[in-house]
Number of protein chains: 2
Amino acid sequence: MANIQEVAQKAGVSVATVSRVLNQHPAVTAKTKLKVETAIKELNYEPSMLGRNLRNSESRLLLVLIPTISNPFYTEIINGIEDTAIMNDYNILLCDTDSNPQRENIYFNMVKNKLADGIISMDPAVDMEKLNGLATQYPIIQCSEYDERGTIPYVTIDNKLAAYRAVKHLIKLGHEKIALINSDEKFLYARERRAGYEKALKEFGLPVQEKWIYHTHQLEFEYGQQAMKKLLQRDERPTAIFSVSDTLAIGALKEINAHGLNVPEDIAIVGFDKISFSNMTNPTLTTVSQPMYKMGCTAATMLIDKIQERQVESIILDHELVIRESTMG
Amino acid sequence: MANIQEVAQKAGVSVATVSRVLNQHPAVTAKTKLKVETAIKELNYEPSMLGRNLRNSESRLLLVLIPTISNPFYTEIINGIEDTAIMNDYNILLCDTDSNPQRENIYFNMVKNKLADGIISMDPAVDMEKLNGLATQYPIIQCSEYDERGTIPYVTIDNKLAAYRAVKHLIKLGHEKIALINSDEKFLYARERRAGYEKALKEFGLPVQEKWIYHTHQLEFEYGQQAMKKLLQRDERPTAIFSVSDTLAIGALKEINAHGLNVPEDIAIVGFDKISFSNMTNPTLTTVSQPMYKMGCTAATMLIDKIQERQVESIILDHELVIRESTMG
DNA sequence: ATTTTATGTGTAATCGATTACAAAACATCT
DNA sequence: AGATGTTTTGTAATCGATTACACATAAAAT
């Protein structure tokens, strides 16, 4: 691959002039510009980002940290991020952290080393302390998951309200024995959704029973199955389930079917996220829809604003309860 | 962020010595080494990848091109790639190309610009001509999808044989009217799987009927639903479906259920990929399992070999037919 | 024709690392 | 002590771009 000097030589000009052509500096005659462009084409030259970034201290690359690409929840968000980034002449790189601090470090270093201009973190298991530390020096935005005590701007939904509405929907249908399949409450979203669940129960004078609250370690289907299995072993069987994730809800649904029970007649289910699978189950899944694409766009816009040193405020987006067959036969 | 000069100054040595410490060059006294390491810690110094890469012309970053993160098929492969890469001191960056040539270009440029050392492409819709051109100068491996006419090393499975076995399984169960839900035959895997389908039919003296072969434009569920809807409109209804993708098969399953028909009694289905959701459907989906994790590991190993200028040969891995409820009630 | 002004181009420093080579420091042997 | 060899450290070039500043050239004003 040719470099700028060779282009300069071939075009019979200085490297400065070549650089000016590359950066569309106005002070270049049409004639010189043409010479340079011809040379560039002939040599098949492409400027090195390395040299450029080293000098400019910018890479126009955004890092997107996701805990795992297995969860379809992230797909639409990423589309939003990507579209917005490209519109602003940025590109994104997906980083599958696997919630592994060591891998996270690699990506944090990319920002420190100017290989990337900023980070959008969607990993609830990220080392918050480290992230907050990094955020004092580098542009960082949190998307969907965030640290309530930190100062990093975020975009998310009102998880408590969303959960409240989901559970209220079940109560309005006449359910009184409503179980909660929650993930680990070390995550803020898990705590908030639980708060919403409890708020709804209390508002309608229903007791919050520990035996109907189950915590999973992960979000994969199997954990939902396992949770449901345990819940079905309780002496008193719940008539409805609110699950903090569609993947868990789908696993639960599978387990209910395996026990010869019917959804929603025997047990109703509400999930969370509206992943595309949720419409493929039988029955289809009632779920809380987050504006994922918009969330992605917002996060990207916020990050770019931050990079360009504009003021950035956290944003709470709307959500929507999508009622389908798993609650209304 | 401090740079190497500041560290050198603080430690009272030259930048060369600092660099030697960083790179574990043996010719540094324990005493000097300690001084430098103290200075590094005090200044919180981290070497800049930009400066380093510019000089070394290596980034130890691998690019992984996927058409979309929506398809769970890629998840396990990526885990394999990632684990192998990390074991060899490489890191990976996921690039969601969306099968968009413009986005591809961005990532191709990253390699040209030494921001990445090589590419693993899993995008069937990639511009093969361009990829082959790039491969003459840069390390590139194809995973799962490949160009039969090109010279880029690949790792994949025997798609024709896998399809043949899947269809033979249906024939052995007594099916004679077997439809094929295929994706676009501009993709090699689609052509090969069709060849396997036809081979099985012919071997058992069954006619290949165009009316039972449907091509979809994409792999999302909805396309499977649509395909099935069309197939159910045929004057003669098939008794079995072979779908080249689990996602399409799941859409088809949904559509069959919607028509009040039963799987596998009325219509049996075989999918392809063994995505995790294929075990959550009702009935569970018979499917062809690819050794995805191993495929990822292999692809990464091949790429690293290629980068380090070792000889690399293409590899065909084994597959397995996983028989579940959608073919055996 | 000469000075002033505007415009286009080149020179050279710079970003942050690595490394060949030179030089210094130290050890070993007559 | 002086010569020689070995080990450690420093100097300076280099990677590929950008850009402030200087300089050259052309156009406009006197």
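Throughout, a chain's letter reflects where its sequence line sits, starting with A, and its residues are numbered from 1.
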Does the protein touch nucleotides 10-20 of chain D at the base, only the backbone, or not at all? Give it as B, S and - per nucleotide, heavy atoms under 4.0 Å. BB-BBBBSBBB
d(NZ, B:K33; P, D:dT7) in whole Å: 18 Å
note: A:H25, atom NE2; C:dG10, atom C1'; distance rounded to Å ~ 13 Å
For residues 291-298 of chain A, tabulate all N or O donor-acceptor pairs below 3.5 Å that involve a side-chain atom, not counting sequence neighbours.
| unit_1 | atom_1 | unit_2 | atom_2 | d |
| --- | --- | --- | --- | --- |
| A:Y293 | OH | A:D83 | OD2 | 2.7 |
| A:T298 | OG1 | A:K294 | O | 2.6 |

Flag, side chain of A:R60 to backbone of A:N88, donor-acceptor distance under 3.5 Å: yes
Return yes if some donor-acceptor pair links the side-chain N/O of B:N71 with the main-chain N/O of B:F73 below 3.5 Å, else return no. yes
Will you find, in the side chains of B:D123 and B:T97, an N or O donor that is under 3.5 Å from an N or O acceptor? yes
Considering residues, nucleotides and ligands other than A:R149, do more than 12 of their heavy atoms fall under 6.0 Å from its CZ? no
